[in-house]
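Take a look at the structure set out below.
Keep in mind it's a predicted model, so treat the numbers as computed, not measured. Heavy atoms only: backbone and side chains are in, while hydrogens, waters and symmetry mates are out. Proteins get letters first, then strands, A, B, ... in listed order; numbering begins at 1 in each.
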Number of protein chains: 2
Amino acid sequence: MIKKTGRTQEERSRKTKICLFEATLDSLEELGYHGASLSQILKRAGVSRGAWSHHFTNKKELIARSTEYILDQAVETTRRWAGSVEITKDKLQKLFDFIWDNFYTGRHRAVWLEINVACRTDTELRKRLTPVFEHFHESMKEAWNNWFDATENGKTESGKTDVETVIILAINTLRGMAVQSIVQDDPEYYRQMRCELIRMISPLIRVQAYKHIRVAEKNEEA
Amino acid sequence: MIKKTGRTQEERSRKTKICLFEATLDSLEELGYHGASLSQILKRAGVSRGAWSHHFTNKKELIARSTEYILDQAVETTRRWAGSVEITKDKLQKLFDFIWDNFYTGRHRAVWLEINVACRTDTELRKRLTPVFEHFHESMKEAWNNWFDATENGKTESGKTDVETVIILAINTLRGMAVQSIVQDDPEYYRQMRCELIRMISPLIRVQAYKHIRVAEKNEEA
DNA sequence: TTAAATACCGACCGTTCGGTCTGTAAATAA
DNA sequence: TTATTTACAGACCGAACGGTCGGTATTTAA
């Protein structure tokens, strides 16, 4: 009795891998790096041990490839978002809400934390992922160029911190809040803090914000 | 043949526990929560399995007590530091350098990360440590009162973010940088960013800073 | 000096871990 | 149709895990 599935080898292979990626990421979110055992991941994915070993050399490689997978998704999401948002006066707020919701809550936050912390003590994993992280940062930087034209990020006022630095600091603030929110979970509080953060940095990057608005207004004229 | 050590029971007990705490914390730093196995900790501490089980019900309890231990040390260090620093114009810089060096580098950073991330997925550990963290924060808050008189943290200018919020945001920025520094290790870069951060927030808390300096000057007059 | 309490020792246990290996099923190329 | 390659299945393995337990050593109280 031969069971034909009607799928090509490539389709079967791809499907299995994606199931494993998703199961790995869900396991990392739910159980942490420490609790995400291979048996558990395979059970969740509905994939046999044999199928897994056919596609991946070992567990670490599965973890690494799953990380690549979620980062690629993140870049794609960001590109789509950055390419379809109107330029308004509260765009800074929208930017940081987007970053928070997509990167510093839910599964992405979980995976980000678990993988980063794992990399701290696992040299092999860190070396494997360093170029992946670098590529990720490059892609994100490029995507944000729809927001702040990187080429014109000069000093806002003489002696003041430039815009890119302010943004980097602000993103680090979000990162810190993301860690803190593990033990002190209170979404409303972090929303408030995000507002305060934006209120704090807005004056420092007003130049850029207004520049974009001026551009938008010009486009409306045409 | 009886070997008298000349130590009291309490001394012996205390010594063993401290050895275990230190070994646990060192293991967490070096191997991470994931790699810090009990056998490894015991070997490092030079303590037998039997001695361990006599003092602790299980591994998680050892982890939790070790966390309490390092947090108590941190509070003590902070109290000493806060009680013995001259009030100068660059005291903000000194404050954040102190916080960074003591909490967001080295062993403390490692343990902070490992334990927090472990708490994310381990409800039991989180419940066990939540009051510990709360007590820690209370103690730290109290210690910082030597720096910023909490009772006078009003609005610096109408509509602006108040001082305490600015400080909390800044500490979150340090936290974010601490995570980032796992994968992107560059002490000089983070020193620079810390400078920029301070330059950014200094104007927002100038009132307080000067107030303290005025107090110091007054004391000199007397 | 003796009895009780406390501190400590390490062999042992059941479980789970990541990884391997032999064999089968399905798709593809000849 | 057949041969080859690719995809998958699951039993099995040694190693390491956290935890237990019966016995010994040291201190302390009677």
Side-chain angles (χ1 to χ4, degrees), chain A residues 1-24 27-28 30-66 114 118 121-122 124-125 128, chain B residues 1-24 27-28 30-66 114 118 121-122 124-125 128:
Chain A
M1 174 64 187
I2 297 170
K3 183 177 63 178
K4 305 248 178 188
T5 64
R7 291 184 300 160
T8 64
Q9 301 277 51
E10 207 254 319
E11 280 170 340
R12 295 210 296 165
S13 176
R14 182 182 153 76
K15 174 84 185 305
T16 305
K17 282 177 191 166
I18 287 183
C19 280
L20 282 170
F21 291 155
E22 290 290 342
T24 302
S27 292
L28 283 175
E30 192 180 317
L31 310 167
Y33 194 94
H34 177 248
S37 75
L38 190 52
S39 310
Q40 199 280 326
I41 292 171
L42 296 177
K43 190 178 166 190
R44 190 186 291 249
V47 167
S48 74
R49 230 176 167 73
W52 160 73
S53 73
H54 178 68
H55 292 291
F56 301 92
T57 56
N58 54 34
K59 188 190 172 188
K60 215 170 276 186
E61 184 59 18
L62 172 60
I63 300 275
R65 296 273 292 278
S66 301
E114 297 293 340
T121 46
D122 190 332
E124 194 186 328
L125 186 65
R128 168 72 173 75
Chain B
M1 172 63 188
I2 298 170
K3 185 177 64 178
K4 305 245 178 192
T5 64
R7 291 184 301 161
T8 64
Q9 301 277 52
E10 208 253 319
E11 281 170 342
R12 292 212 296 164
S13 177
R14 183 181 152 77
K15 173 85 186 302
T16 304
K17 282 176 191 168
I18 288 182
C19 280
L20 283 169
F21 292 154
E22 289 290 342
T24 301
S27 292
L28 283 175
E30 192 179 318
L31 310 166
Y33 195 93
H34 177 248
S37 75
L38 189 53
S39 311
Q40 200 281 323
I41 292 171
L42 295 177
K43 190 177 165 191
R44 189 186 293 249
V47 166
S48 73
R49 231 176 167 72
W52 160 74
S53 73
H54 177 70
H55 292 291
F56 302 92
T57 57
N58 54 35
K59 189 190 173 187
K60 215 171 276 184
E61 184 58 20
L62 172 60
I63 300 274
R65 297 273 293 278
S66 301
E114 298 292 341
T121 47
D122 189 332
E124 194 185 327
L125 186 66
R128 168 73 174 75

Exercise for the section: Measure across B:A23 and B:I41 and return the closest heavy-atom pair with its distance rounded to 0.1 Å. Expected result: CB-O, 3.6 Å

Pairwise N/O distances under 3.5 Å, protein to nucleotides 11-16 of chain D:
none

Exercise for the section: Could you state the atom-to-atom distance from CG of B:N58 to C1' of C:dT15 in whole Å? Expected result: 17 Å

Practice task
Measure the shortest side-chain to side-chain distance between A:R44 and A:E30 over non-hydrogen atoms and say whether it is less than 4.5 angstrom.
Solution key: yes

Completion exercise
Here the gap from A:L42 atom CG to A:S37 atom OG, rounded to the nearest 0.5 Å, amounts to 8.5 Å

Practice task
Check the distance between C:dA26's C1' and A:R14's CZ and give it to me in whole angstrom.
Solution key: 20 Å

Practice task
Quick one: label B:S53 by what it contacts on the DNA or RNA (base, sugar-phosphate, nothing), any heavy atom closer than 4.0 Å.
Solution key: base

Handout entry: Interatomic spacing from CG in A:D122 to NE2 in B:H34 - rounded to 0.5 Å
Key = 8.5 Å

Exercise for the section: Would you name the heavy atoms of B:S66 and B:L20 that are closest together and state the gap between them? Expected result: OG-O, 4.4 Å

Exercise for the section: For B:E11 and D:dT26, give me the distance from atom CD to atom P, rounded to whole Å. Expected result: 16 Å

Problem - DNA chain D: 5'-proximal contact among B:T8 and B:K59 (nearest heavy atom) - result: B:K59

Completion exercise
Stems for DNA chain C (at least 3 consecutive Watson-Crick or G-U pairs, under 3.5 Å) come to C:1-30 with D:1-30

Please tabulate, one pair per line, each protein N/O and nucleotide N/O from nucleotides 4-7 of chain D that are separated by under 3.5 Å, including the distance.
{"unit_1": "D:dA7", "atom_1": "OP2", "unit_2": "A:H54", "atom_2": "NE2", "d": "2.9"}
{"unit_1": "D:dA7", "atom_1": "O4'", "unit_2": "A:R12", "atom_2": "NH2", "d": "3.4"}

Handout entry: Atom NZ of B:K60 with >12 non-hydrogen neighbours under 6.0 angstrom
Key = yes

Handout entry: Interatomic distance, B:R7 CZ vs D:dA25 C1' [rounded to whole Å]
Key = 13 Å

Problem - Whole-Å distance separating the NZ atom of A:K43 from the P atom of C:dT16 - result: 11 Å

Completion exercise
Between CG of B:L42 and C1' of D:dC17 the distance, given in whole Å, is 12 Å

Practice task
Taking all heavy atoms of B:S39 and all of B:R49, pick out the closest pair and write down the distance.
Solution key: OG-NH1, 3.6 Å

Problem - Over all atoms of both residues, closest heavy-atom pair of A:Y33 and A:I63 - result: CE1-CG2, 4.0 Å

Handout entry: Cationic N near anionic O, under 4.0 Å, A:R128 to A:E61
Key = yes

Exercise for the section: Please determine which of A:E11, A:K17, A:K15, A:Q9 meets the side chain to side chain contact (heavy atoms under 4.5 Å, CB included) test together with A:S13. Expected result: A:K17

Handout entry: Short side-chain to backbone donor-acceptor contact, A:E114 and A:G32, under 3.5 Å
Key = no

Handout entry: d(CG, B:L20; P, C:dC8) in whole Å
Key = 9 Å

Practice task
Round to a whole Å and report the spacing from NZ of B:K60 to P of D:dC17.
Solution key: 17 Å

